[in-house]
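Note sheet for the following structure.
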Number of protein chains: 4
Amino acid sequence: MRLTDEPQQSIDHIHAGRPRCEKAHGSVLDAAAELLNERGYSALTIEGIAARAGVGKQTIYRWWPNKAAILCEIYERDGCKLHATPDLGCVEAEIRELLGNIWAFWRETASGQAFRSVIAEAQGDQAVLTHLRDEFIPKRRIHWLVVLERAQKRGEVRSDANFNLFLDIVFGFNWHRLLTDQPPTPQEIESVVKLLIGGLGVGC
Amino acid sequence: MRLTDEPQQSIDHIHAGRPRCEKAHGSVLDAAAELLNERGYSALTIEGIAARAGVGKQTIYRWWPNKAAILCEIYERDGCKLHATPDLGCVEAEIRELLGNIWAFWRETASGQAFRSVIAEAQGDQAVLTHLRDEFIPKRRIHWLVVLERAQKRGEVRSDANFNLFLDIVFGFNWHRLLTDQPPTPQEIESVVKLLIGGLGVGC
Amino acid sequence: MRLTDEPQQSIDHIHAGRPRCEKAHGSVLDAAAELLNERGYSALTIEGIAARAGVGKQTIYRWWPNKAAILCEIYERDGCKLHATPDLGCVEAEIRELLGNIWAFWRETASGQAFRSVIAEAQGDQAVLTHLRDEFIPKRRIHWLVVLERAQKRGEVRSDANFNLFLDIVFGFNWHRLLTDQPPTPQEIESVVKLLIGGLGVGC
Amino acid sequence: MRLTDEPQQSIDHIHAGRPRCEKAHGSVLDAAAELLNERGYSALTIEGIAARAGVGKQTIYRWWPNKAAILCEIYERDGCKLHATPDLGCVEAEIRELLGNIWAFWRETASGQAFRSVIAEAQGDQAVLTHLRDEFIPKRRIHWLVVLERAQKRGEVRSDANFNLFLDIVFGFNWHRLLTDQPPTPQEIESVVKLLIGGLGVGC
DNA sequence: ATATAAACGAGACGGTACGTCGGGTCTTTTT
DNA sequence: AAAAAGACCCGACGTACCGTCTCGTTTATAT
């Protein structure tokens with residue numbers, strides 16, 4: 001299932017009829033982001049978005065299959081601010097960098113709230129959950145996998161390490177903190193990185 | 001805010017008026033648990049619960065401030081199946097035990113679905129979020145803290161370890177897997193425990 | 001059906017148990033009358049009356065079969081202020097007197113509002129309608145029949161006059177004005193009496 | 001306040017949006033009339049009307065401010081069956097005609113029950129009362145005023161007669177009989193007309 | 001130029017569920 | 001036994017949104 005993109009146009013040959021109004025497209029995303037920030041997820045309704053955007057409801061239903069798709073697109077739109085991490089010569093620093101970036105991103109845009117909402121939405125809608133699990137999340141892991149593989153080449157990482165499981169742990173920490181509205185302080189990030197790299201045990 | 005308990009009666013002196021009907025109380029919880037399993041969270045409505053339980057809606061609103069409170073009470077009711085972990089002489093084994101128990105508990109009762117729903121509900125309702133963060137979660141951490149402190153006495157754990165942060169990581173992993181409907185296999189639990197205790201790095 | 005009286009006590013032999021609490025009886029009527037005046041008929045609920053009277057709902061249901069019965073009793077309680085009309089030697093004057101009295105009574109007590117409410121209630125409840133038609137109204141007509149029969153003896157009245165039909169007309173006028181909240185002025189009463197006695201036509 | 005008509009459409013220029021569905025409009029009136037006849041006023045609920053009409057509740061609330069407005073429109077819809085009275089050369093005959101017509105109309109359609117219900121509804125709702133008094137009733141009096149003025153020209157009527165007061169008496173009789181569910185027989189109508197025209201008194 | 005086609009805003013439609021009110025009944029403790 | 005208190009099941013209220021469906025209008029491509 002495709003949640004975020006317009007149905008065909010990108011692929012399809014040009015056809016008759018009025019083309020998609022990009023102004024409406026943008027104002028829907030703006031309206032949704034604004035409402036999410038101002039009134040919260042529970043007050044985010046299609047009807048409200050349409051009214052705020054000055055758009056007919058049908059226009060929304062035509063281009064997005066559900067609320068989550070709008071939220072994902074908001075995330076995506078602002079997400080260009082997240083770049084690959086340069087080689088800092090040390091996993092620990094790079095992970096700290098990645099964690100800091102994502103929390104800054106969540107704090108400074110509507111994306112944090114949007115993401116929380118997508119997760120909530122996924123709990124009652126299988127299609128949303130599938131999209132979240134199989135497309136949205138893997139996409140976000142790429143930057144991390146780059147870093148981890150680089151570290152592996154450097155020999156900083158256990159040879160038997162399961163990267164996906166490790167990322168479940170890292171992302172899990174972030175989700176937990178996001179979903180309970182407890183953004184970590186820089187000190188907490190520092191400590192978390194130590195725990196992730198060094199583990200809880202005393203070591204050998 | 002108290003979400004799950006009846007207002008005063010347990011503490012209070014006896015008073016005039018018809019007492020709370022315990023049969024209705026139970027059948028509401030049963031109905032909610034059944035509907036959650038059969039139809040999923042998005043189809044879980046107060047109206048539906050009342051109908052299935054053979055109860056007036058008012059009776060539900062009288063005793064529970066919101067859907068989340070019902071779900072928490074379902075969790076709580078079945079939760080007595082989770083006991084303290086006996087001393088196995090080794091943190092690693094004990095954490096494996098705790099993880100295994102919680103996933104078995106989530107799998108075998110309605111509690112896993114109930115918990116997912118509570119988290120979802122908390123994303124749109126500050127009162128639910130507060131309850132979840134400040135009462136529900138801390139309560140679940142007690143068993144874990146016992147184990148960690150025992151390990152600390154044994155000297156199995158870094159002296160500077162922040163237990164709460166460590167538990168954010170552990171619970172985070174669980175949340176992530178629960179919310180994406182990906183229960184871990186025993187092998188995955190095994191690997192996760194290794195990562196948690198030993199860390200991702202090569203060690204000293 | 002008996003709407004207004006307490007079920008048995010008036011007839012029955014004295015029996016065991018706590019006797020009817022006359023204070024509660026009175027405070028129910030007071031509370032109902034007050035609420036009717038303050039908030040109007042649509043806000044007059046059994047629950048509200050009980051609360052205002054400081055009485056359990058059951059106490060009301062024990063003694064009155066429905067709201068109309070309470071309203072009738074309010075009417076009855078104040079109704080002792082309506083006496084028989086003394087012989088003024090002339091029907092016209094006596095009818096004027098009767099009309100003036102009833103409107104003064106309705107204006108000065110809660111009875112006018114109570115009566116409106118009873119009529120409204122009767123439109124949806126056959127038992128109330130039957131009581132209204134067969135007991136409540138006939139009782140109110142007695143004073144009028146006395147006057148009319150006196151006039152008949154005086155020879156002031158057509159020999160073929162149907163008194164009941166005449167009273168349907170007189171009471172009809174009153175109902176119409178009461179139900180549309182248009183109490184007649186003394187001048188209007190004067191004119192109405194003329195029309196009732198002399199008719200619309202030019203006469204012989 | 002306008003109770004019965006759709007807000008603007010009849011007058012207004014055409015506007016955007018889906019137009020009012022006339023099928024739904026009609027089926028609401030039909031459903032209300034049927035339910036009123038079958039189950040009575042006390043069982044006439046908006047919810048019931050919507051269900052019977054196969055219509056959403058909102059569709060009712062969109063077009064009618066209250067139940068009374070629906071009932072008035074039912075009355076109005078069938079009311080076209082009431083025509084002006086032709087000149088019969090004699091008030092007495094014409095009034096007999098008018099009375100006979102109205103009672104036939106009330107008997108043969110749902111209108112009698114609808115009207116009773118409107119009067120009941122007006123006792124608890126000022127807006128309904130105002131509409132009833134200032135718009136609904138005056139409209140019904142026009143036919144009567146035509147007849148009375150014709151009679152005046154013929155010289156059949158007292159020169160000082162107050163027509164409105166006379167109609168309060170006539171309508172009052174009808175209301176009284178309608179509200180107590182006692183439709184008059186033709187003989188009673190005959191007698192009432194005599195009383196109205198000739199008065200109760202012996203005459204000069 | 002003029003069809004034809006599709007997107008647009010507006011807003012009515014049949015529905016579902018909400019949270020509240022009140023009805024009439026039932027079950028306690030208190031008087 | 002009656003009363004105050006208050007919980008019970010139930011039905012209806014009026015509202016909010018859902019996702020769908022006309023409308024008249026606008027803007028493109030295809031004749």
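Chain letters run A, B, ... following the sequence lines, proteins first and then strands; every chain starts at 1.
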ask   = Pick the nucleotide of DNA chain F nearest each of D:G17 and C:A24; which residue has the one closer to the 5' end?
value = C:A24
query = Can you check the B:E22 CD to E:dT28 C1' distance for me, whole Å?
reply = 14 Å
ask   = When rounded to the nearest 0.5 angstrom, what distance separates CD in D:Q123 from OG in C:S42?
value = 11.0 Å
inquiry  = Looking at C:L44, is its backbone amide N or carbonyl O close enough to the side chain of C:K67 to form a donor-acceptor pair, meaning the two atoms are under 3.5 Å apart?
reply    = yes
query = Does A:G56 or D:G54 map to a spot on DNA chain E nearer the 5' end, using the closest nucleotide for each?
reply = A:G56
key: Residue C:C21, side-chain heavy atoms: nucleotide from E:dG23, E:dC18, F:dA3 that is nearest   = F:dA3
ask   = Mapping C:Q58 and D:A53 onto DNA chain E by nearest heavy atom, which one lands closer to the 5' end?
value = D:A53
request  = Write down the distance between CH2 (C:W63) and C1' (F:dA1), rounded to a whole number of angstrom.
outcome  = 10 Å
task = Round to the nearest Å and state the distance from D:R62 atom CZ to E:dG15 atom P.
result = 14 Å
ask   = Do we see a donor-acceptor contact under 3.5 Å between the side chains of D:T130 and D:Q126?
value = yes
query = Looking at F:dG14, does its base get a donor-acceptor pair with the side chain of D:K57 below 3.5 Å?
reply = yes
Protein-nucleotide distance (C:I49, atom CD1; E:dG23, atom C1'), rounded to Å = 13 Å
Phosphate contact (F:dA7 OP1 or OP2) by B:T59 side-chain N/O below 4.0 Å = no
Separation of atom CD in D:E47 from atom P in E:dG15, rounded to whole Å = 13 Å
Sugar-phosphate only, base, or nothing, as touched by D:A16 at under 4.0 Å among non-hydrogen atoms = base
key: Atom-to-atom span, CD1 of A:I46 to P of F:dC17 - whole angstrom   = 12 Å
request  = Find the distance D:R39:CZ to F:dA12:C1' and express it as a whole number of Å.
outcome  = 13 Å
Plane angle bin for D:F136 and D:H131 - parallel if under 30°, tilted between 30 and 60°, otherwise perpendicular = tilted
query = Could you state the NE2-P distance from B:H15 to E:dT27, rounded to the nearest angstrom?
reply = 17 Å
message = Starting the side chain at C-beta, find the nucleotide from F:dC13, E:dC8, F:dA28 nearest to D:T45.
response = F:dC13
ask   = Of the nucleotides E:dG9, E:dT27, E:dG19, which one has an atom closest to the side chain of B:Y61?
value = E:dG19
query = Do D:R18 side-chain and F:dC21 base share a donor-acceptor contact under 3.5 Å?
reply = yes
ask   = At their closest point, which heavy atom of A:V55 faces which heavy atom of A:I60, and how far apart are they?
value = CG1-CG1, 4.1 Å
